[in-house]
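Both ligands and their constituent atoms are indexed starting at 1 by order of listing.
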Amino acid sequence: MSTIETGANVRLANHPIARTKAVAVSPLAQGSLIISIDSLATVLLPSEKGRRCDACHTIPTSLRKCSGCASFYYCDTSCQSMHWKTFHKRMCKHFNRYTTSSSFQALAAHEKMDALLLSHLAVLVPSQEVREEGSSALAVFMSLLPGSVEVATPPICTNGSPPSPETLRFLFSRFGNNNFAMHSHFNTFGHGIFPLGSRLFNHSCLPNAAAKYIISPSHPPKMHVVALRNIDPGEEICLTYVDPALLQSRQQIFELTYGFKCRCSSCIFVEGLGHIPELPSDPDGVARVVRKLREFVPASSHELFSKTKKLPDELLCIFHESFLSRISETFSNASHDGPYDLALDVGETMLQIYQLIYPENYPQIGLHLLEMAKTGWNQVVSTGSSNVDRPRKYVKQARQILLIIGAEGDDGGPLKEIQTLEDLLNTQ
Ligand SMILES: [Zn+2]
Ligand SMILES: [Zn+2]
Ligand SMILES: [Zn+2]
């Protein structure tokens with residue numbers, strides 16, 4: 001434990017159930033960078049290949065192809081040589097034979113991503129030995145706990161001196177419960193291994209921190225862990241491993257993939273609800289639930305979970321996953337093509353549910369507020385009204401929340417959209 005470099009803001013402390021926990025060393029202000037974490041290996045989603053640089057993952061105006069395999073793309077010679085030295089030198093010659101092989105082709109899409117990531121990781125491992133000492137990213141990865149279920153190791157791109165099958169099994173057993181989906185503007189573009197991120201942070205469905213990804217030309221991607229709210233010294237810093245909105249299925253994911261039972265206040269609350277009924281099937285029933293929800297508005301999930309307000313029985317069905325997916329679908333259809341009144345109405349209900357199930361300042365709430373602001377603007381334009389109070393209110397709230405996590409991934413994104421929308425609203 002002493003060999004793990006945790007940075008200035010975080011220290012590891014004992015945890016009653018988990019291996020350790022990351023706690024704040026000093027007060028951390030909302031929006032502050034808690035730690036910057038290097039990647040060990042990353043791969044792009046197939047849809048991003050040829051669009052992003054395979055080394056730094058930025059989207060340059062033009063890319064140069066590896067002349068050896070014609071399957072890897074780079075910004076320039078600096079990215080190419082960085083990737084060549086670390087990974088590609090040992091893969092280039094074998095890569096196309098590997099990806100066209102029947103054993104690779106037989107894999108499902110997510111298994112292909114794992115197989116490619118494992119192939120890259122395998123290049124970094126000195127053959128025949130697995131070292132767990134030291135503080136390098138590889139050593140930290142080696143020190144991670146394996147997943148609770150053994151999954152067959154996928155075939156890798158052999159590189160002349162591949163690690164032994166036992167070593168590959170050892171590496172791969174740490175994938176499912178430790179690796180991360182990297183995102184830009186909250187859309188996944190690749191998968192990555194960020195060992196220190198896995199080693200330090202436990203899960204909570206109401207996390208006080210979130211991970212974002214920094215991509216910049218000529219540098220390998222980094223993970224930044226940012227405080228979503230003010231964190232006191234000694235307080236545990238947690239990330240969420242799955243979308244907290246998966247209220248019914250998340251506990252099963254924790255148990256099967258991660259091998260733990262979440263005991264956060266949200267999970268204790270959901271457990272206490274007992275059986276969660278499905279949504280009424282008739283439209284009147286749905287309208288009744290929505291009206292009731294309007295009357296019952298706790299300020300935040302915090303208030304709900306501290307039980308200062310008892311949840312009325314008729315509202316239990318809003319905690320069924322199918323409720324959110326049903327109204328999200330209605331919202332996304334109507335927010336683009338109208339009717340905008342309906343979109344704004346349904347969007348308000350979604351906002352209420354988000355405030356119940358997500359922690360304070362969770363980016364998803366900010367993104368939804370931005371969609372509400374855009375819908376409000378569409379309504380103003382379509383009706384020829386001059387009243388922009390509603391979109392203005394939403395865009396202001398969206399900015400407050402999304403500024404906390406800040407810019408991530410590529411240039412532009414939600415913060416830029418907010419600026420553009422505010423400029424439009426100011427011309428009114
Ligand atoms: Zn690059
Ligand atoms: Zn190549
Ligand atoms: Zn939980």
### Query
With a cut-off of 2.8 Å, does Cys75 place any N/O/S atom under that distance from the Zn ion (ligand 1)?
yes

### Message
Rounding to 10°, state the angle centred on the Zn ion (ligand 1) that links SG in Cys79 with SG in Cys56.
### Response
110°

### Task
Run the ring-centre check on His88 versus Phe72 and record whether the distance is less than 6.0 Å.
yes

### Message
Quick test of your reading of the model: are Lys416 and Asp411 salt-bridged, counting only N-O distances below 4.0 Å?
### Response
no

### Message
Check for me whether the distance between the ring centres of Tyr98 and His94 falls short of 6.0 Å.
### Response
no

### Message
Before moving on, can you tell me the angle at the Zn ion (ligand 2) between the SG atom of Cys92 and the SG atom of Cys69, to the nearest 10 degrees?
### Response
120°

#### Entry: Opening angle at the Zn ion (ligand 3) [SG, Cys267; SG, Cys205; to 10 degrees]
100°

### Query
Hey, what's the ring geometry for Phe194 with Phe180, parallel, tilted or perpendicular (30° and 60° as the breaks)?
perpendicular

### Task
Could you please spell out the steps behind the salt bridge (charged side-chain N to carboxylate O under 4.0 Å, His left out) verdict for Lys21 and Glu235?
CA-CA 10 Å; Lys21 61 180 178 180; Glu235 196 181 334; over 6 Å; no

### Task
Mind reading off the angle at the Zn ion (ligand 3) between the SG atom of Cys262 and the SG atom of Cys264, rounded to 10°?
110°

### Query
In His88, which N, O or S atom comes closest to the Zn ion (ligand 2)?
NE2

